[in-house]
Colleague: 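Quick one: structure below, then a few questions.
Each chain gets a letter, A, B and so on, in the order the sequences are listed, and its residues count up from 1. This one's a predicted model, so the numbers in the text were calculated from it and none came from an experiment. Note that these values count all heavy atoms, side chains included, but never hydrogens, waters or copies made by symmetry.
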Amino acid sequence: MTLKTPALTQQLLAWYDRHARDLPWRVPPHERKVGVVPDPYRVWLSEIMLQQTTVAAVKDYFTAFTAKWPKVEMLAEADADDVMKAWAGLGYYSRARNLKACAETVARDHGGRFPDTEEGLRALPGIGPYTAAAIAAIAFDQPAAVVDGNVERVMSRLRLIETPLPAAKPEIRAAMGELTPQERPGDFAQAVMDLGATICTPKRPACALCPWMEPCAARAAGVAETLPRKAAKTAKPTRTGAAFVLRRAGDGAVALRKRPPKGLLGGMAEVPGSEWAVDFDVASAVMQAPVAANWHKRSGSVGHTFTHFHLEVTVFTAELGAGDLPEGWWWSTLDALEGEALPTVMRKVIAHGLG
DNA sequence: TAGCCGTGGAC
DNA sequence: TGTCCAAGGCT
């Protein structure tokens with residue numbers, strides 16, 4: 001049997017036909033209607049990059065990745081360190097490790113083709129409930145209920161769901177499922193996300209421009225901007241630590257090492273440093289210097305905020321005239337630094353040390 | 001299940 | 001300046 005497409009769904013698809021955002025990874029609705037199908041590899045890559053990350057931040061990375069690795073087999077065969085270097089600055093670095101692992105699995109176990117079902121996609125590393133549904137709907141026309149932060153906001157307003165997140169998730173998923181059509185499920189999912197990104201925004205939603213203004217229960221009740229409700233967040237503690245910018249006499253190259261493969265900034269490059277702790281003693285920081293040298297403390301400090309704590313780093317600098325670096329460390333010339341797998345906090349630290 | 005896991009832009 | 005938060009996943 002064929003389910004009747006709800007009128008609400010048709011209204012939003014009509015809006016999407018006129019107002020879809022033009023994005024590098026998207027096949028626009030007018031092209032899909034004449035038979036153009038999206039490349040599942042590009043859909044997957046964009047969805048991984050877009051996890052908790054803004055469209056503006058993703059665009060250049062997506063362009064660089066698809067230029068360097070146009071097919072999933074090429075990414076599967078790429079050097080893991082090259083992938084981390086290309087991802088540097090985008091954040092959530094476990095995504096890059098899982099990206100590589102997923103590409104290898106698809107190439108080795110699936111003949112280079114992504115699974116076309118939610119269940120099959122969900123089994124791959126880095127693909128959770130949202131991403132599996134998004135790829136299934138957008139790349140394979142499966143009527144999956146795609147639920148991301150935009151959808152949570154739009155549905156909680158449209159249906160006046162006042163249960164706080166995350167307890168409201170099942171209710172929201174059901175609401176999205178009831179509206180998701182058999183035809184154009186991928187366009188519908190992207191339509192709801194575009195609506196959330198451009199009209200049904202977290203603050204000051206542009207209800208007057210919304211194709212769902214009339215049926216929106218939250219707007220009728222005058223509470224649209226207060227939804228979705230969320231549980232209170234815990235405060236971020238401040239950790240402190242020391243970092244050591246060791247420079248090679250002559251050319252000024254900087255000593256780098258690699259962080260452990262998992263955890264915070266896992267697998268990325270760093271300058272040597274102390275632990276980051278709430279009770280860190282800056283006065284004795286130089287005692288933890290990685291090598292004996294004439295260390296100088298730079299004035300001020302480097303501040304950086306992670307997901308769950310603030311960081312204040314005191315930077316020390318020294319010059320090394322002779323002697324080998326510890327095992328696994330390397331010198332990076334000033335020209336080479338830009339291409340290293342350095343997370344943003346480390347680029348700040350190095351800039352402070354060089355300044 | 002709630003904590004861990006980055007970054008930059010908007011306000 | 002501080003807070004929020006953006007196409008979440010993993011453990």
Colleague: Look at the side chain of A:R153 and the base of C:dA6, then say whether one donor and one acceptor between them are separated by less than 3.5 Å.
Modeller: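 Absent.
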Colleague: Which of the following nucleotides, C:dC5, B:dC5, B:dT7, is nearest to the side chain of A:H308?
Modeller: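 Closest nucleotide to the A:H308 side chain: B:dC5.
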Colleague: Using the closest heavy atom to pick a nucleotide of DNA chain C for each, name whichever of A:E47 or A:N98 lands nearer the 5' end.
Modeller: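 On the 5' side of the pair lies A:E47.
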Colleague: Are A:E225 and A:R157 ion-paired here, with the side-chain N under 4.0 Å from a carboxylate O?
Modeller: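 Looking at A:E225 and A:R157, the cut-off is not met.
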Colleague: What nucleotide, of B:dG6, C:dC4, C:dG9, holds the atom closest to the side chain of A:Y130?
Modeller: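 Output: C:dG9.
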Colleague: Counting only side-chain heavy atoms from C-beta out, which of C:dG9, C:dA7, B:dT7 sits nearest to A:H304?
Modeller: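 That would be B:dT7.
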Colleague: Confirm from the modelled atom types if A:T131 and C:dG8 form a donor-acceptor pair under 3.5 Å, side chain to base only.
Modeller: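 Such a pair does not exist between side chain and base.
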Colleague: Measure from the side-chain heavy atoms of A:Q51 and tell me the nearest of C:dA7, C:dA6, C:dG8.
Modeller: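 Side chain of A:Q51 sits closest to C:dG8.
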Colleague: Rounded to whole angstroms, how far apart are NZ on A:K236 and P on C:dT1?
Modeller: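 Going from NZ in A:K236 over to P in C:dT1 covers 18 Å.
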Colleague: Under 3.5 Å, is there a donor on one side chain and an acceptor on the other for A:R26 and A:Q190?
Modeller: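 Distance-only check passes for A:R26 and A:Q190.
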Colleague: Do the rings of A:F244 and A:F316 sit parallel, tilted or perpendicular, given the 30° and 60° boundaries?
Modeller: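 Judged by the thresholds at 30° and 60°, the geometry between A:F244 and A:F316 is parallel.
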Colleague: Does any N or O donor sit under 3.5 Å from an N or O acceptor when you compare the side chain of A:T53 with the base of C:dG8?
Modeller: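 Check fails, no donor-acceptor contact within cut-off.
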Colleague: Looking only at side-chain atoms of A:K233, point me to the closest of B:dG6, C:dA7, C:dC4.
Modeller: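 Closest nucleotide to the A:K233 side chain: C:dC4.
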Colleague: To the nearest angstrom, how far is A:E225 atom CD from C:dC4 atom C1'?
Modeller: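 Rounding to the nearest Å, CD of A:E225 and C1' of C:dC4 are 13 Å apart.
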Colleague: If the threshold is 4.0 Å, N to carboxylate O, is there a salt bridge linking A:D17 and A:R184?
Modeller: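 A salt bridge is present here (some side-chain N lies under 4.0 Å from a carboxylate O).
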Colleague: Rounded to whole Å, please give me the gap between CZ in A:F306 and P in B:dT7.
Modeller: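 Between P of B:dT7 and CZ of A:F306: 6 Å.
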Colleague: Over how many whole Å does the gap from A:Y92 atom OH to B:dC5 atom P extend?
Modeller: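 Rounding to the nearest Å, OH of A:Y92 and P of B:dC5 are 10 Å apart.
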Colleague: Can you check the A:W87 CH2 to B:dG6 C1' distance for me, whole Å?
Modeller: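 About 11 Å, once rounded to whole Å.
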Colleague: Heavy atoms from C-beta onward define the side chain here; which of B:dG6, C:dG8, B:dG8 lies closest to that of A:T344?
Modeller: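 Minimum distance to the A:T344 side chain belongs to B:dG8.
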Colleague: Please confirm whether A:H308 and A:F306 have ring centers closer than 6.0 angstrom.
Modeller: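 Not under 6.0 Å, so no.
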Colleague: Considering only atom C1', compute the distance from C:dG9 to B:dT1 and round it to an integer number of Å.
Modeller: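 Pairwise C1' distance, C:dG9 against B:dT1, rounds to 14 Å.
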